[in-house]
Structure formats: C-alpha cells, structure tokens
Amino acid sequence: MKFHWRDGNRLQLLENGEEFFPAVFEAIGLAQKEVLLETFILFEDKIGTQLQHVLIAAAQRGVSIDITVDGYGSADLSEPFIKSLTDVGIRIHMFDPRKRLLGKRVNLFRRLHRKIVVVDAEVAFIGGINFSADHVGDFGPGAKQDYAVMVEGPVVNDIHRFALTTVAPQEQGRHWWRRRDPQKHDTRVSPSRGEARTLFVTRDNEEHRNDIEEHYLQAIRDARSRLVIANAYFFPGYRVLREIRNAARRGVRVRLILQGEPDMPIAKFGARMLYNYLMRDGVEIHEYCRRPLHGKVALADYEWSTVGSSNLDPLSLSLNLEANLIIRDHTFNRQLHEKLDVLLQNDCRRIPLERIVRGYFWRAPLVFIIFHFLRNFPALVGLIPAHTPKVAVFGGSPPEEGALQPTKTSPLPRDSQ
C-alpha cells in the first residue's frame with residue numbers, strides 16, 4: 001500500500017497518558033459509525049478498564065468496533081475481559097498468538113508494535129503510547145514519558161484505509177498485510193482541517209522494510225541548523241549513525257535524548273556503546289533521568305518532525321510492524337521542540353565527552369564485538385525458520401473487505417481538538 005504526502009491537516013501533540021487517554025476516550029465517546037484500534041499492549045488495569053467501558057458504550061449504540069492487539073504484548077488478557085467486549089459485538093483480533101513454553105512467552109520477534117486509533121474515518125491517533133496505566137504519572141517512578149499526535153484531515157483517509165486491511169478477511173494466497181486495498185477505487189478525500197503537510201509511513205517485513213528509516217536518513221541529511229532525536233531504544237545501524245555524526249560535523253546542533261532511567265537496562269547499555277563514536281564529532285547526548293523514556297519522536301530544523309511507534313533499534317527497524325507520521329509544519333515542529341527543550345532543561349543530564357573517552361581504549365574491542373552482534377541480530381533471527389503470522393479473531397466475523405468506508409460525521413467539539 002503506497003501513501004503520499006497530504007496537505008491540509010490539523011495536528012495536536014499529546015504528551016503522556018494524561019493528554020492522550022482523555023482525547024482518545026472522548027473521540028470514541030463521540031463515535032457514530034466505526035472505531036479501529038491497534039495497540040501493542042492492552043492491559044487490564046485502570047486504563048484498560050476505562051477503554052473497555054467506553055468501547056462497550058459505543059458498541060451498544062451501534063458503532064462497529066475492531067480492536068487489534070499483539071499476541072506477545074497483550075498475551076495476558078483474560079477470558080472475562082475479552083467476553084465483555086465480544087458480547088456486545090466488538091471484534092478482537094490478536095496478532096500471532098502463541099502458546100507459552102515453560103510459562104514464558106516465546107513469540108518475541110516480528111511483533112505488531114503499532115499504536116493507531118481511527119474514529120469514524122475523521123480523526124486518528126498515532127504515536128508510542130500503549131493502553132496501560134504505566135503511561136500516567138500516578139503509576140509512580142516507572143511511569144513512562146511518551147508522545148502521540150491527534151490528526152484530522154486528508155491523511156486520516158490513508159490511516160483509515162491501512163487500518164482496515166488489518167481487520168479485513170485474508171485473501172487466499174496473500175499475506176494479511178499485502179491484501180487488496182479495500183478502498184482502492186474510493187476517490188473521496190477528507191476536507192482540509194488545517195495547514196500541516198503529513199505523510200503516513202509504515203514498516204513491514206515485505207514491501208516496506210526500510211521506509212521509516214529512509215525518512216529519518218533523509219531528514220538528517222537535509223538538516224542545516226538543528227536536529228533533536230528523543231528515542232527510547234536507540235541502537236541504529238551504520239547509515240543512521242554516520243549521518244548523525246556527519247550532521248554534527250557540518251555544524252548542525254545535534255542533540256540526542258536517550259534513556260537515563262530505563263525500563264530495560266539493556267537499552268541504556270546498548271546506547272552507551274555508541275556514545276564515543278558520536279560525541280567525538282560534536283553530537284550532544286542527554287540522558288533523561290526523571291523516569292523511563294518511551295518516546296519515539298524527532299525534529300529537524302524548523303519544519304520536519306515525526307511521531308510514531310518506531311524506535312531506532314534492530315527490532316523496530318528490521319523486525320516489528322511499525323507506523324509513524326512524518327510532518328512538515330512549522331507550528332508543530334516548534335511545539336515539539338518546546339516540549340523536548342523542557343525535558344532537556346529540567347530532567348536530563350548531559351554526558352561529558354571526558355567521561356566517555358576515559359578507559360575507552362580497553363573497552364573498544366568488547367564494544368566492537370557486542371555492537372556487531374546486536375546489529376546483526378535481526379539477520380540471525382531471520383535464519384530461524386519463520387512461520388506465517390496469523391490473526392486470531394474473537395467475537396464474530398471481521399468486516400468484509402471494502403464494507404467499511406469513510407463516513408462523514410460532525411467534527412469534534414473545539415475543546416477536544
């Protein structure tokens with residue numbers, strides 16, 4: 001499925017669950033026809049319960065609802081929880097569910113990692129925030145710092161069309177992610193709602209393996225003034241690392257915001273192996289220390305930005321199914337920069353080059369070995385005989401392909417934009 005740049009979109013940056021969840025729940029509460037929701041993680045905590053209630057209420061008033069969750073990230077959904085949704089007609093699609101081995105989840109690789117919500121083909125949400133309580137501040141020290149974007153306008157058609165392919169029936173002889181476009185012949189275009197130019201970009205293991213990475217590379221190459229990347233799991237390949245270093249060499253102020261209090265210690269360990277390579281050419285590295293960083297956002301100069309689910313690590317860039325929104329808009333770029341600057345000023349520690357250089361000569365051989373192992377890890381995983389991912393459906397038949405078309409609804413109230 002090929003997407004194009006769309007003009008005339010209205011965007012709202014959402015920081016953390018405190019801004020994201022109320023906006024999503026309100027949009028679902030106003031839904032008239034359809035809700036499509038994809039997430040890596042859905043937990044049965046206070047956030048999952050709130051989502052459950054708002055979805056059930058929407059279904060009871062006749063809204064068609066499809067939820068897609070990942071079989072690894074959402075493996076612990078209970079039968080009563082699922083039944084409460086399917087009893088009111090909600091369809092639940094679980095990507096690649098697998099049986100546990102010795103009580104452990106084994107379906108670690110090639111995960112559905114996207115976070116997408118589309119309501120009535122009029123408003124969409126995309127970003128890195130899962131439906132779990134660890135995305136709100138009162139969770140405690142482990143609460144995650146993250147971002148998403150709410151969008152209205154023509155690009156919502158692309159996100160909606162893509163989300164439909166996930167829940168459409170599988171065609172014989174085709175992988176589910178390569179099915180016929182359910183709206184191939186639909187020429188309707190959503191009206192302009194704003195000034196932003198946006199592009200919906202996905203990554204899969206077939207035709208779009210490097211699309212998100214290529215957009216990062218182009219933005220880094222084009223940067224002339226500033227580049228800020230905030231990424232939870234930072235361990236990109238040679239091309240991205242080289243372009244980041246080259247940007248700093250030509251005078252771009254490059255600032256990386258990485259994890260200082262990681263939810264997974266290996267994320268911090270892996271990223272720190274790259275510090276010397278980047279910092280000796282002027283890249284600034286700041287570790288966010290207030291709580292775990294889960295964001296996947298970046299900006300270049302004064303127009304280009306991206307928000308989405310893709311980390312800059314081997315899993316996101318080489319194995320997982322991901323989705324990002326690429327944005328060209330001065331206002332959104334400024335808003336994102338202001339948010340990230342608050343983190344830099346208040347909750348980050350800048351790593352001094354002297355600390356990284358000290359003792360590097362004896363660590364260099366170990367860093368070299370580990371770096372190459374981790375960078376080649378996706379290829380090694382690829383040697384394992386791969387099964388065809390399946391989607392288990394709970395709660396009745398999924399909608400027929402093409403049956404759910406964009407519907408015209410009243411715009412959301414001004415206070416929800």
Side-chain angles (χ1 to χ4, degrees), residues 12 14 17-70 74 77-95 114-127 129-133 135-136 148-152 156-157 159-168 182 190 391 393-400 403-417:
Q12 181 177 341
L14 303 172
E18 285 83 354
E19 295 180 1
F20 176 74
F21 296 132
V24 171
F25 296 160
E26 180 176 8
I28 296 174
L30 294 171
Q32 298 179 21
K33 297 290 185 181
E34 175 194 73
V35 174
L36 302 172
L37 185 151
E38 293 185 24
T39 186
F40 179 60
I41 291 174
L42 170 57
F43 285 160
E44 292 182 49
D45 53 22
K46 70 174 186 177
I47 297 300
T49 300
Q50 290 178 51
L51 177 64
Q52 175 193 35
H53 291 164
V54 74
L55 288 172
I56 289 174
Q60 288 175 335
R61 62 177 185 269
V63 177
S64 173
I65 300 175
D66 286 271
I67 303 171
T68 304
V69 298
D70 184 72
S74 304
L77 293 178
S78 69
E79 184 175 342
F81 184 88
I82 292 175
K83 188 174 185 298
S84 71
L85 297 169
T86 58
D87 279 352
V88 294
I90 297 172
R91 292 169 293 273
I92 300 177
H93 310 256
M94 183 167 286
F95 176 77
R114 301 187 297 252
K115 293 89 175 174
I116 297 172
V117 183
V118 188
V119 178
D120 287 340
E122 289 286 333
V123 60
F125 301 82
I126 183 169
I129 301 177
N130 292 295
F131 286 91
S132 55
H135 283 277
V136 290
V149 61
M150 182 171 73
V151 57
E152 297 171 274
V156 176
N157 278 355
I159 303 172
H160 176 248
R161 187 178 49 176
F162 176 82
L164 280 179
T165 64
T166 304
V167 300
S190 296
V391 178
V393 182
F394 305 88
S397 301
E400 293 187 4
L404 296 177
Q405 301 296 336
T407 54
K408 184 170 180 59
T409 64
S410 301
L412 295 179
R414 176 67 60 181
D415 60 2
S416 69
Q417 305 304 313

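Computed over heavy atoms, backbone and side chain alike; hydrogens, waters and symmetry mates excluded.
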Pairs involving residues 37-47, ordered by first then second residue, that meet salt bridge (Lys or Arg N to Asp or Glu O under 4.0 Å) (sequence neighbours left out):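 Residue pairs passing salt bridge (Lys or Arg N to Asp or Glu O under 4.0 Å), neighbours aside: Glu38-Arg114, Lys46-Asp138.
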
Heavy-atom donor-acceptor pair, Asp120 side chain to Ala31 backbone, under 3.5 Å: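 Pair absent, no side-chain N/O of Asp120 close to backbone of Ala31.
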
Do [X] and [Y] have side chains that approach each other closer than 4.5 Å (heavy atoms only, starting at C-beta)?
{"X": "Ile116", "Y": "Leu36", "result": "no"}
{"X": "Phe394", "Y": "Leu85", "result": "no"}
{"X": "Ile159", "Y": "Val151", "result": "yes"}

Residues which pass side chain to side chain contact (heavy atoms under 4.5 Å, CB included) with Ile41, listed by chain and number, not counting sequence neighbours: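 For Ile41, the residues satisfying side chain to side chain contact (heavy atoms under 4.5 Å, CB included) (neighbours in sequence not counted) are Phe43, Asn130, Ser132.
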
Non-neighbouring partners of Val117 that pass side chain to side chain contact (heavy atoms under 4.5 Å, CB included), sequence neighbours left out: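 If we apply the side chain to side chain contact (heavy atoms under 4.5 Å, CB included) test to Val117, skipping adjacent residues, the hits are Val24, Leu37, Val119, Phe125, Phe131.
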
Set of salt bridge (charged side-chain N to carboxylate O under 4.0 Å, His left out) partners for Glu18, sequence neighbours left out: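 Glu18: no salt bridge (charged side-chain N to carboxylate O under 4.0 Å, His left out) contacts found.
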
Trace of the side chain to side chain contact (heavy atoms under 4.5 Å, CB included) decision for Val123 with Met150: CA-CA 7 Å; Val123 60; Met150 182 171 73; 3.6 Å; yes

Verdict with reasoning, Thr68 to Asp66, per side chain to side chain contact (heavy atoms under 4.5 Å, CB included): CA-CA 7 Å; Thr68 304; Asp66 286 271; 5.6 Å; no

Side chain to side chain contact (heavy atoms under 4.5 Å, CB included) assessment of Glu34 paired with Leu164: CA-CA 11 Å; Glu34 175 194 73; Leu164 280 179; 3.9 Å; yes

Chi angles and distances behind the side chain to side chain contact (heavy atoms under 4.5 Å, CB included) call for Ile28, Leu51: CA-CA 9 Å; Ile28 296 174; Leu51 177 64; 4.0 Å; yes

Within residues 49-63 or reaching into it, pairs that qualify as side-chain hydrogen bond (donor to acceptor under 3.5 Å, both in side chains) - sequence neighbours excluded: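 Qualifying pairs: Gln52-Ser84.
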
Pairwise distance CE(Met94) to CD1(Ile82) - rounded to 0.5 angstrom: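 One gets 5.0 Å once the value is rounded to the nearest 0.5 Å.
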
